[in-house]
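Heads up: the structure comes next, in structure tokens.
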Amino acid sequence: MQWWLDEQMAAAQAASREAGMRIGIMHDLAVGVEQVGADSWAPQDVLARGATVGAPADQYNQQGQNWSQPPWHPERLREASYRPWRDMPRTLMRHAGAPRIDHVLGLFRLWWIPEGHEAADGAYVSYDHEAMIGILALEARARAPSSSARTWAPSSRGCATTWWTAGSWAPRSCGSSTTARGSRRAPRTTAPCAWPL
């Protein structure tokens with residue numbers, strides 16, 4: 001199945017470029033993976049068990065959110081030299097013109113919810129964002145010329161600065177943008193993040 005999907009994605013990317021799309025297809029780099037299945041079974045040594053990822057209560061959802069996805073374990077990921085994380089964008093961008101990062105602040109910190117608890121019972125766990133974004137930028141630069149990021153949470157100046165220095169196209173939610181020709185503009189001033197990173 002994966003082999004067939006890989007062939008189809010390669011064909012779709014080639015067809016889109018031949019049809020005149022400048023970057024072709026943009027693939028989504030999701031926050032995480034389903035708790036059951038190969039995507040969580042294969043890297044289980046670097047995923048945290050007994051917790052899921054979500055979001056705290058906010059103006060959009062007063063109960064908070066539980067996305068039912070196992071989070072990366074930051075210490076085990078570091079011990080593995082971030083190889084499982086590197087493999088994810090590397091595979092994603094094999095047939096992509098650009099990656100779209102679903103929740104870019106998740107590279108800084110994630111809301112962990114203990115198994116069997118409500119979303120409000122969670123807490124933020126920090127990640128080494130310089131390593132996470134650095135690896136992502138290297139893979140994106142090697143395989144895809146541009147990248148985009150989206151987040152529901154308010155962003156911070158630190159996010160804009162980190163993304164800017166990583167050499168990728170900075171996401172507008174983090175206070176930077178690009179010109180029509182793709183050259184980067186200096187980051188704008190942004191509101192501070194509502195939660196500490």
Side-chain angles (χ1 to χ4, degrees), residues 2-3 5-6 27-56 64-96 98-117 119 121-144 147-153 155-168 170-171 174 193 195-197:
Q2 289 183 346
W3 181 58
L5 287 170
D6 190 74
H27 288 289
D28 191 56
L29 182 61
V31 178
V33 296
E34 177 60 47
Q35 287 181 308
V36 295
D39 288 328
S40 60
W41 178 81
Q44 60 186 300
D45 54 333
V46 294
L47 294 176
R49 296 301 172 184
T52 60
V53 174
Q65 299 175 51
N66 187 335
W67 303 332
S68 299
Q69 299 168 332
W72 292 112
H73 191 296
E75 293 176 7
R76 292 183 194 154
L77 201 55
R78 184 175 62 247
E79 290 166 2
S81 302
Y82 293 90
R83 280 188 300 274
W85 163 243
R86 179 206 63 200
D87 292 344
M88 186 181 290
R90 176 175 288 183
T91 302
L92 176 86
M93 291 184 281
R94 182 166 44 221
H95 306 303
R100 174 191 168 272
I101 304 159
D102 182 50
H103 187 65
V104 72
L105 290 182
L107 303 179
F108 290 74
R109 45 78 178 137
L110 283 173
W111 185 256
W112 284 27
I113 304 164
E115 193 173 299
H117 287 258
D121 298 329
Y124 276 119
V125 174
S126 297
Y127 291 84
D128 184 346
H129 65 274
E130 291 182 350
M132 302 283 280
I133 292 177
I135 291 165
L136 179 61
L138 286 172
E139 293 301 324
R141 179 161 287 217
R143 288 162 182 79
S147 62
S148 173
R150 178 181 71 83
T151 180
W152 289 109
S155 57
S156 70
R157 244 179 238 130
C159 175
T161 303
T162 302
W163 201 257
W164 178 259
T165 56
S168 298
C174 283
C193 187
W195 304 288
L197 296 176

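Index from 1, following the sequence. Not measured: the values here are computed from a predicted model.
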Side chain Q44, main chain W41, donor-acceptor under 3.5 Å: yes

Backbone of Q35 reached by a side-chain donor or acceptor of S40 within 3.5 Å: yes

How far does [atom1] of [X] sit from [atom2] of [Y], to the nearest 0.5 angstrom?
X: W72; Y: L47; atom1: CH2; atom2: CG; result: 6.0 Å
X: I101; Y: L29; atom1: CD1; atom2: CG; result: 6.0 Å
X: H95; Y: H27; atom1: NE2; atom2: NE2; result: 8.0 Å
X: L138; Y: R90; atom1: CG; atom2: CZ; result: 9.5 Å
X: T52; Y: N66; atom1: OG1; atom2: CG; result: 3.5 Å
X: E115; Y: D121; atom1: CD; atom2: CG; result: 13.5 Å

Side-chain contact, heavy-atom cut-off 4.5 Å: W111 with V53?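 Result no, sub-4.5 Å side-chain heavy-atom pair not found.
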
M132 vs L77 side-chain heavy atoms within contact, under 4.5 Å: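 Result yes, sub-4.5 Å side-chain heavy-atom pair found.
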
Any pair counted as salt bridge (charged side-chain N to carboxylate O under 4.0 Å, His left out), so long as it reaches residues 68-86, sequence neighbours left out: none

Which residue pairs satisfy the salt bridge (charged side-chain N to carboxylate O under 4.0 Å, His left out) criterion with at least one member in residues 28-55, sequence neighbours excluded?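 Counting only pairs at least two positions apart or across chains, the salt bridge (charged side-chain N to carboxylate O under 4.0 Å, His left out) contacts touching residues 28-55 are D28-R100.
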
Considering all heavy atoms, the nearest I113-A119 contact: CD1-CA, 3.7 Å

What are the two closest heavy atoms between G106 and Y127, and how far apart are they?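 Closest pair (atom of G106, atom of Y127, distance): O-CD1, 4.1 Å.
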
With sequence neighbours excluded, tell me which residues meet side chain to side chain contact (heavy atoms under 4.5 Å, CB included) with A42.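 Not a single residue meets the side chain to side chain contact (heavy atoms under 4.5 Å, CB included) criterion with A42.
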
Partner residues of A48 under the side chain to side chain contact (heavy atoms under 4.5 Å, CB included) criterion, sequence neighbours left out: P71, H73, W112

Got a sec, which residues hit side-chain hydrogen bond (donor to acceptor under 3.5 Å, both in side chains) with [X], two or more places apart in sequence or on another chain?
X: W85; result: none
X: R94; result: D6
X: Q65; result: W67
X: Y82; result: none

